[in-house]
Trainee: 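Sharing a structure here in structure tokens format.
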Amino acid sequence: MSTSPKNTQSFNEHYNFAYLDEQTKRMIRRAILKGIAIPGYQVPFASREMPMPYGWGTGGVQLTAAVIGDKDILKVIDQGSDDTTNAVALRDFFKQTTGVSTTTSTKEATLIQTRHRIPEAPLNGDQVLIYQVPIPEPLRFLEPRETETRKMHALEEYGLMHVKLYEDIAHFGHISTTYAYPVMVNSRYVMDPSPIPKFDNPKMHQMPALQLFGAGREKRIYAIPPYTDVVSLDFEDHPFTPQEFSEPCALCAAENVYLDEVILDDKGSRMFVCSDSDYCEGRRAQGHKGHMAADPVHSNELSEA
Amino acid sequence: MYVAVKGGEKAIANAHKLLAKDRRGDTALPALTLEQIAEQLYLSISRVMAEGSLYDSSLAALAIKQSRGDLIEAIFLLRAYRTTLPRFGYSKPLDTAKMKLRRRISAIYKDLPGGQMLGPTFDYTQRLLDFTLAANEEPSQPDIQTAQIEDDEDKPESTPRVTEMLANDGLMEPDATIDEHHKVGDLTREPLEFPANRDLRLQNLARGDEGFLLALGYSTQRGYGRTHPFAGEIRLGEVEVELYVEELGFDVPLGEITLTECQMINQFAGSSKAPPQFTRGYGLVPGQAERKAMAMALVDRSLRWQELGEDASAPAQDEEFVLSHSDNVQATGFVEHLKLPHYVDFQAELDLIRQLRENWFDQNTPAEDAAQEAAS
């Protein structure tokens, strides 16, 4: 858990605070407010080109840039971890352009920008969770046309989605969507939760923190206000079931968390470790120890922390 | 391990160092100057300015140098920089009839008012590698003789466009008109919504990837949404940009930009919506970019099927398909984002595929094996 102090020196005087000009931030804030007012509705916004590629978090970055203030403490995760390449690059971007403090601690952060995960530790009402979204339209792979899907949302016409889920059950005996599992927000809009594993879906329901979703390339913003109902789509006789893991984290022994499978050699040995690296480190600091925690290979990696 | 549990930060810094080293290449050779790039690789500059939507040749040269000649990367750099520039206003519409022509050809008339002017083009060259260039020598500077239009005292203020000449006969659909109160769209300020008007479509195509438009335009020539095109007119030259300044109450010239314009003329047998006449596709690209302007004009015409009452059957006619996939900065970002770690999602898929395989083997195990297994 490292919290870096404010770094005002790296603030780049050639660019505005948080890169975007104030007019653009205002435009984005308007879209955010509209999104909060209509939970789960995709608000079109005039997404800008950002200095990172489309598909690498430009939507999330624009949201963060629009809401970040100099007292904020920012955490950026990708695949649950603060140390994956893109999380590092995005955190550096905001360090450079805002000079705000950054942290890897879920608890200390006021803003958390994430790709593909919701942290394991529960969030509170003073935090904002910002998701990077590749394809905001939950109906896109059923109907490629925007003109059609917007109509379907307007008319609350979600039959196609239910048929898809039903066909899964008819073919496989269960719903075969494992991530980006569609949810119903506030009993009105079907929403794509971004490609988080369905394991994380229940965390969105009645979450005290504000959840913002940004899709830069597709030019859409949507939101879930605090304490909003978010229900994963299912059928009475085939209720929604999140992933379950048969073993605990090999490093911190945590159960009921999302695990990544790590391949150890070419003979098929593998271990399962927490996807949320901050959560895992926190547990180990408290003395929890998984069955592989003493493995020298991994203690090496950890000691670098 | 490319995503180590820790150490990402250091690896990234090292990757940046390696990139900087490779970009510079052999330090025994002099570094490229921006002036060299801007002067000698002007067609690259043109493409980067057009698709980067920022008309500044020195910034484009910097982007090309920084991107090691990867033009899409250079376009991306320019777009990202463009984001940070405040928007002062919109220029007055350009009048390409007033263009200071450097090239102007028509493929439909042997001669026409204003004349044919070949200008600087690869078109009539033999594509033979020129080894005098390899020896870093210049072919002896040719004695350039052009018609003395520029010095001519009665040089016309403007050169009429071929389409206007045909329009006088009623054979050609007139220039598209725009409602006086129609605010011309700007997809860099408002998100693109469908169906899109022609102004937005043209803006999208003008910023679109040259290769994508080339392939789509080509597909219309090969029968996927055939439009029977003729190159009515292609012109290259400089046009003055003017801005109306509210405080001053008059138009202020800002300078000149180079433009390539293509008017494609298409045979049209008529439909319930429009009489038989020649119809048009339009291409306009900043800089010198004939291939792109022509492809753009072909695609623009194809996208007009609805307005002209034609049937749509081909990819180049499909507005959502074309406009949603023309931007190479968007396309390259999303394609290349597959390099980012996806192991959370992949883990979810691993679980699923294991489960599906289990079910499959349960169902497809021959009955006797199952019986034997049960017995053993």
Side-chain angles (χ1 to χ4, degrees), chain A residues 14-16 19-21 23-24 44-56 58 78-81 83-89 92 115-117 134 144-147 172-174 176 178-180 195-199 217 219-220 243 258-261 273 275 277 298 301-302 304-305, chain B residues 1-12 15 52-53 76-87 186-195 318-321 324 327 329-352 355-356 359:
Chain A
H14 295 290
Y15 293 103
N16 192 26
Y19 194 74
L20 294 172
D21 61 282
Q23 289 291 321
T24 299
F45 82 112
S47 175
R48 298 291 194 259
E49 269 96 3
M50 298 302 285
M52 58 286 300
Y54 283 117
W56 298 54
T58 54
D78 181 354
Q79 311 283 310
S81 164
D83 288 284
T84 41
T85 47
N86 205 40
V88 172
D92 276 357
R115 175 172 173 265
H116 295 200
R117 271 316 306 277
R145 274 167 211 289
E146 185 67 18
T147 36
F172 309 117
H174 55 88
S176 67
T178 55
Y179 61 91
I196 56 172
K198 66 176 178 177
F199 177 88
R217 192 177 41 78
K219 303 178 170 40
R220 296 290 183 272
Q243 283 106 341
Y258 195 78
L259 301 175
D260 285 333
E261 189 168 331
V273 294
S275 146
S277 55
H298 299 97
E301 275 177 2
L302 297 171
E304 277 181 42
Chain B
M1 211 165 147
Y2 107 111
V3 182
V5 175
K6 280 279 171 190
E9 220 142 355
K10 203 170 157 195
I12 290 175
S53 296
F76 177 20
L77 287 170
L78 221 51
R79 289 266 190 98
Y81 182 71
R82 180 186 191 279
T83 294
T84 65
L85 302 175
R87 182 69 59 98
D186 180 354
L187 54 83
T188 68
R189 284 296 178 270
E190 293 294 329
L192 183 60
E193 286 185 31
F194 298 109
D318 186 330
E319 175 180 275
E320 282 211 44
F321 178 80
S324 302
D327 190 290
V329 178
Q330 291 176 9
T332 196
F334 202 47
V335 167
E336 295 197 52
H337 106 284
L338 294 174
K339 290 182 279 191
L340 288 178
H342 280 84
Y343 45 69
V344 165
D345 326 297
F346 188 69
Q347 185 64 49
E349 292 293 82
L350 265 179
D351 279 354
L352 177 66
Q355 192 181 352
L356 291 178
N359 297 349

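Convention: sequence-line order gives letters A, B, ...; per-chain numbering from 1. The basis for the numbers below is simple: all heavy atoms, side chains too, and nothing from hydrogens, waters or symmetry mates. The structure presented is a predicted model; accordingly, all values stated were derived computationally and were not measured.
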Trainee: My understanding is that only residues two or more places apart in sequence, or in another chain, count here; which of them pass side-chain hydrogen bond (donor to acceptor under 3.5 Å, both in side chains) with R189(B)?
Mentor: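 R189(B) satisfies side-chain hydrogen bond (donor to acceptor under 3.5 Å, both in side chains) with no other residue.
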Trainee: Got a sec: does the CZ of F334(B) have more than 12 other heavy atoms crowding it under 6.0 Å?
Mentor: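 For F334(B), atom CZ is crowded (more than 12 foreign heavy atoms under 6.0 Å).
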Trainee: For E190(B), is it the side chain, the backbone, both or neither that has a heavy atom under 4.5 Å from a heavy atom of chain A?
Mentor: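 The backbone, not the side chain.
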Trainee: Look at P191(B), P195(B), A80(B) and state which one has the largest set of heavy-atom pairs under 4.5 Å with chain A.
Mentor: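 Most heavy-atom pairs under 4.5 Å with chain A: P191(B).
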Trainee: Minimum heavy-atom separation for T188(B) and R48(A), please, with both atom names.
Mentor: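 In this case the closest contact between T188(B) and R48(A) is O-NH1, 3.2 Å.
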Trainee: Of the options R115(A), Q79(A), H116(A), which is the one that meets H342(B) in a side chain to side chain donor-acceptor pair (under 3.5 Å)?
Mentor: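 The passing option is R115(A).
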Trainee: Just to verify, what does D318(B) make a salt bridge (charged side-chain N to carboxylate O under 4.0 Å, His left out) with, not counting sequence neighbours?
Mentor: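 Only R145(A) meet the salt bridge (charged side-chain N to carboxylate O under 4.0 Å, His left out) criterion with D318(B).
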Trainee: Could you pull out the closest heavy-atom pair between V344(B) and S275(A), with the gap in Å?
Mentor: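 What the structure gives for the nearest pair is CG2-OG, 3.7 Å.
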Trainee: Can you tell me which portion of L85(B) sits under 4.5 Å from chain A's heavy atoms? Options are side chain, backbone, both or neither.
Mentor: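 Looking at L85(B), nothing touches chain A.
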Trainee: Measuring only between side-chain heavy atoms, which start at C-beta, is P197(A) closer than 4.5 Å to Q347(B)?
Mentor: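 No, every pair of side-chain atoms sits at 4.5 Å or beyond.
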Trainee: Is R117(A) close to chain B through its backbone or its side chain, or both, or neither, when contacts mean heavy atoms under 4.5 Å?
Mentor: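 R117(A) touches chain B through side-chain heavy atoms alone.
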Trainee: Just verifying a value: how many Å separate N359(B) CG and F172(A) CZ, rounded to the nearest 0.5 Å?
Mentor: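 The distance works out to 9.5 Å.
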Trainee: Looking only at heavy atoms, which two atoms of L20(A) and T83(B) are closest? And how far apart?
Mentor: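 That would be CD2-CG2, 3.8 Å.
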Trainee: With a 4.5 Å heavy-atom cut-off, do H337(B) and Y54(A) have their side chains touching?
Mentor: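 Counting from C-beta outward, H337(B) and Y54(A) never come under 4.5 Å.
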Trainee: Which region of E261(A), side chain (C-beta onward) or backbone (N, CA, C, O), has a non-hydrogen atom less than 4.5 Å from a non-hydrogen atom of chain B, or is it both or neither?
Mentor: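 It is both, since atoms from each part get that close.
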Trainee: So, taking the atom named OG1 in T84(A) and the one named CD1 in I12(B), what distance separates them when rounded to the nearest 0.5 Å?
Mentor: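 The CD1 atom of I12(B) is 8.5 Å from OG1 of T84(A), to the nearest 0.5 Å.
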Trainee: Taking C-beta and beyond as the side chain, do F199(A) and D351(B) meet within less than 4.5 Å on heavy atoms?
Mentor: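 Not in contact.
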Trainee: Any non-hydrogen side-chain atom of D21(A) less than 4.5 Å from a side-chain atom of P86(B)?
Mentor: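 The answer is no; the side chains never approach within 4.5 Å.
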Trainee: Find out whether N16(A) and T84(B) are in side-chain contact, i.e. whether some heavy atom of one side chain is under 4.5 Å from a heavy atom of the other.
Mentor: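 No; the side chains remain at least 4.5 Å from each other.
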Trainee: Side chains of S176(A) and L352(B), heavy atoms from C-beta outward: is any pair under 4.5 Å?
Mentor: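 Yes, side chains in contact.
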Trainee: Taking the side chain as everything from C-beta on, heavy atoms only, tell me whether R87(B) gets closer than 4.5 Å to Q23(A).
Mentor: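 No. Closest side-chain heavy atoms not under 4.5 Å.
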Trainee: Is Y81(B) close to chain A through its backbone or its side chain, or both, or neither, when contacts mean heavy atoms under 4.5 Å?
Mentor: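 Both parts, backbone and side chain.
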Trainee: Grab the two heavy atoms, one from E349(B) and one from T178(A), that are nearest each other, plus how far apart they are.
Mentor: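 Closest pair (atom of E349(B), atom of T178(A), distance): OE1-OG1, 2.6 Å.
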Trainee: For a quick test of reading the model, state the closest non-hydrogen atom pair linking F194(B) to E146(A) and the distance between them.
Mentor: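 For F194(B) versus E146(A), the nearest heavy atoms are CD1-CB, 4.2 Å.
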Trainee: Give the minimum heavy-atom separation between V88(A) and E9(B), together with the two atoms involved.
Mentor: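 For V88(A) and E9(B), the tightest heavy-atom pair comes out as CG1-CG, 3.5 Å.
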Trainee: Mind checking whether Q330(B) and T58(A) have side chains closer than 4.5 Å, heavy atoms only?
Mentor: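 No, every pair of side-chain atoms sits at 4.5 Å or beyond.
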Trainee: Top residue by heavy-atom pair count (under 4.5 Å) with chain B, among G55(A), P195(A), P134(A)?
Mentor: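 Of the candidates given, the most pairs with chain B belong to G55(A).
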Trainee: Where on Y258(A) is there a heavy atom nearer than 4.5 Å to chain B: the side chain, the backbone, both, or neither?
Mentor: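 Just the side chain, heavy atoms under 4.5 Å.
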Trainee: Side chain, backbone, both or neither: which part of E336(B) has a non-hydrogen atom closer than 4.5 Å to chain A?
Mentor: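 For E336(B), the contact with chain A is made by backbone and side chain together.
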